[in-house]
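Only one structure is covered here, and it is reproduced in the block below.
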Amino acid sequence: MPRMTAARAAVEILRREGITHMFGLPGAAINPFYSAMRDQGELKHVLARHVEGASHMAEGYTRAKAGNIGVCIGTSGPAGTDMITGMYSASADSIPILCITGQAPVAKLHKEDFQAVDIQAIAAPVTKWAVTVMEAAQVPGTFQKAFQLMRSGRPGPVLVDLPLDVQLTEIDFDPDLYEPLPVATPRASRAQAEKVLQLLAEAERPLIVAGGGVINADAAELLVEFAELTGIPVVPTLMGWGTIPDDHPLMAGMVGLQTSQRYGNATMLESDLVLGIGNRWANRHTGGLDTYTKGRTFIHIDVEPTQIGRVFAPDLGVVSDARAALEVLLEVARAQQLPDRSRWSGECGERKRTLQRRTDFENIPIKPQRVYQEMNTVFGPDTRYVSTIGLSQIQAAQMLHVYKPRHWINAGQAGPLGWTGPAALGVAVADPDATVVALSGDYDFQFLIEELAVGAQFNIPYIHVVVNNAYLGLIRQAQRMFDMDFCVQLAFENINSEEVGGYGVDHVKVAEGLGCKALRVFEPDGIQPALEEARKLMAEFEVPVIVEVILERITNVSMGTEIDNVIEFEAEPSTSGKG
């Protein structure tokens, strides 16, 4: 039996589990792993500037392609605690990432050794499994189990903590005999599928709510096929956006208090049955449950048994992977005489045609709606958008267009500021031929801004649109109910950059100082040329390119507390379908 260090065994297992890229920072307690990685020679590594940034890169990498698992590496102590936000984000959105940390030697774990922290206990609430490996011989089995857990049921992150002496200990291990563990996938039965089809047939105005579980299961094509076969309109959640193309006749719009369309909410309110697949009934999707559920029958299909009934009790719950469920639903549906849904789908289409929001503003300073209009014009259906939180993300979800799964990559539940940039880098590493467009407000952009240097150093090009109003815009809007505007203003007179006009941080200079290219736009007619120039600069220099758009200071974005009471702050378009 070949002998090697436990660290080398771990590296060999990563390759046999399909890992090709990793993101992280070396340090004393993880150096044996880095040494093994160097000696093995096949794994590619991106050096982050902050371990939280590395964790978000890993997340973006996972989200970009079915089957990907991003790997984040750091040393002991603060490296692990820096990863916690990334683990939380991945856990909340059912994203598998593997976090590997170094640790003090086993004999010193209870002696308050330098940078020794119980990261297993700290990470446990935000992972599927967190473990400190105490015996070197357990390293292969630990990694084997980690990959099985990340892929099984509801996907999620795992932390493996490796003490320094464990990494250095030699063990018997033959990489050629290693095999990944089988992954258990719950599947809907034919009887369950028949009951679902029966309830759908009895409904007059059914809808399908497609969640992120459809994307995780790589089942978007099956979803569209099922919708077309049955004629039932589809409402994607924010995490499921792209499961059905925005221009598909059966795409009925998104529903919710913030990231929604007027026509999506109107259609939900007219429905009498909702079939949820791979979704979690998030509160910003449903709003008040009395309004959301009144007069409707609900079917919920989800891979995680405890997810069914967590928010409200459905009339029928089915535990199943989304792909497995859609396969059997299609099989049953093809064998039946299905109701004609053309009248209902036509009504949904008419709402989609007429209940639009205006985007064609000519104002200076620029109104944000115009930015998304120009982005729709410049960027095609193959664009991969990345965003996280704030008015920028909310309004983008109201006005941008997405046509494919994994082309809207968004931190849904956790929404950590600073996520966008590093996640976009991870997406660009996973799909280097794609046009990756990140979208941030100025505050999100300033968090983890140092990761731009990673894109410059490793030639990872993407476009980062920064909509700058020098405000914590979403928090400012939320403060309206408290009649205050307190601790949310980011504007100041920059003594080194008069050209930013009192908007504070000079993002162009910062980006250029980090090795990137940057453009600034003050007028609406300059947005489209700047975006087109950014594409040219990205191709020429192979670095991130920032397009900063200076916005009006105050914008109130459409939102509310109930799906039947979303406040619209702008007048409707003068022409039906405009915008």
Side-chain angles (χ1 to χ4, degrees), residues 49-50 52-53 56 85 361 363-372 374 387-396 415-422 424 438-456 463-527 530-531 534 544-557 559 569:
R49 295 302 192 269
H50 191 296
E52 182 186 341
H56 299 327
T85 300
F361 294 95
N363 303 52
I364 301 174
I366 298 167
K367 293 185 77 65
Q369 295 91 331
R370 179 66 180 271
V371 180
Y372 310 116
E374 302 297 342
S387 191
T388 181
I389 196 171
L391 293 184
S392 54
Q393 173 249 23
I394 292 168
Q395 213 159 34
L417 285 164
W419 186 92
T420 306
L439 175 70
S440 291
D442 45 299
Y443 207 45
D444 172 48
F445 185 61
Q446 289 172 22
F447 274 64
L448 298 175
I449 195 171
E450 73 283 346
E451 303 306 321
L452 288 174
V454 176
I463 296 171
H464 205 136
V465 178
V466 179
V467 285
N468 182 3
N469 64 353
Y471 247 118
L472 304 185
L474 178 58
I475 308 306
R476 180 210 57 78
Q477 187 167 338
Q479 286 187 353
R480 294 170 75 242
M481 70 176 65
F482 297 96
D483 192 27
M484 68 179 184
D485 185 329
F486 185 63
C487 295
V488 291
Q489 297 195 31
L490 300 174
F492 61 91
E493 293 295 334
N494 189 327
I495 60 174
N496 299 306
S497 298
E498 292 182 4
E499 61 269 31
V500 302
Y503 273 59
V505 174
D506 189 333
H507 298 114
V508 169
K509 285 182 179 178
V510 174
E512 289 176 344
L514 290 166
C516 302
K517 288 291 184 179
L519 307 165
R520 182 180 288 121
V521 180
F522 288 97
E523 298 183 359
D525 289 343
I527 300 171
L531 295 175
V545 181
I546 286 73
V547 179
E548 180 184 46
V549 184
I550 303 299
L551 301 183
E552 62 184 8
R553 293 296 313 285
I554 293 177
T555 301
N556 290 314
V557 173
M559 63 180 73
F569 293 93

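- Proximity of Leu417 to Thr388: side-chain heavy atoms (C-beta onward) are nowhere separated by under 4.5 Å.
- At most 12 heavy atoms of other shown residues, nucleotides or ligands fall within 6.0 angstrom of atom CZ in Phe486.
- Under the 3.5 Å distance criterion, with hydrogens and angles disregarded, no donor-acceptor pair is assigned to the side chains of Glu451 and His56.
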Decide side chain to side chain contact (heavy atoms under 4.5 Å, CB included) for Asn469 and Val467; before the verdict, give the C-alpha distance in whole Å, the side-chain angles of both, and the deciding distance to 0.1 Å.
-> CA-CA 7 Å; Asn469 64 353; Val467 285; over 6 Å; no

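- Screening Asp525, Val549, Leu551 for a side-chain contact (heavy atoms from CB on, under 4.5 Å) involving Arg370 leaves a single residue, Asp525.
- Within the 3.5 Å criterion, the main-chain N or O of Pro365 finds no donor-acceptor partner in the side chain of Asn363.
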For Asn468 and Tyr503, run side chain to side chain contact (heavy atoms under 4.5 Å, CB included): C-alpha distance rounded to whole Å, both residues' side-chain angles, the deciding distance at 0.1 Å, then the answer.
-> CA-CA 8 Å; Asn468 182 3; Tyr503 273 59; 3.9 Å; yes

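- Crowding of Met481 atom CE: a count of heavy atoms from other residues, nucleotides or ligands under 6.0 Å not exceeding 12.
- Taking the side chain as every heavy atom from C-beta outward, Pro544 and His464 never approach each other to under 4.5 Å.
- Within the 4.5 Å cutoff, the side chain of Arg520 has heavy atoms near those of the Asp506 side chain.
- Ile554 has its side chain within reach of Tyr471: a pair of non-hydrogen atoms, C-beta onward, lies under 4.5 Å apart.
- Two residues are said to be in side-chain contact when any heavy atoms from C-beta on lie closer than 4.5 Å; Leu439 and Tyr372 meet this criterion.
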Intermediate values then yes/no, side chain to side chain contact (heavy atoms under 4.5 Å, CB included), Arg553 and Gln489 = CA-CA 10 Å; Arg553 293 296 313 285; Gln489 297 195 31; 4.2 Å; yes

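- You'll find the side chain of Asn494 stays beyond 4.5 Å of the side chain of Val505, heavy atoms only.
- The closest side-chain heavy-atom distance from Pro422 to Phe447 is not below 4.5 Å.
- Within the model, atoms CD of Gln369 and CD of Gln395 stand 4.5 Å from one another, a figure rounded to the nearest 0.5 Å.
- Here OG of Ser392 is found 9.0 Å from CG of Leu474. Values are rounded to the nearest 0.5 Å.
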Between Ile366 and Val521, does a side chain to side chain contact (heavy atoms under 4.5 Å, CB included) hold up when you go through it step by step?
-> CA-CA 9 Å; Ile366 298 167; Val521 180; 4.1 Å; yes

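- In this structure, Ile394 CD1 and Ile389 CD1 are separated by 7.5 Å, a value rounded to the nearest 0.5 Å.
- If you run salt bridge (charged side-chain N to carboxylate O under 4.0 Å, His left out) between Lys367 and each of Glu374, Glu552, Glu523, only Glu552 comes through.
- The CG atom of Leu519 sits 12.5 Å away from the CD1 atom of Ile527 when rounded to the nearest 0.5 Å.
- Using a 4.5 Å heavy-atom threshold, the side chains of Gln393 and Ser440 count as separate.
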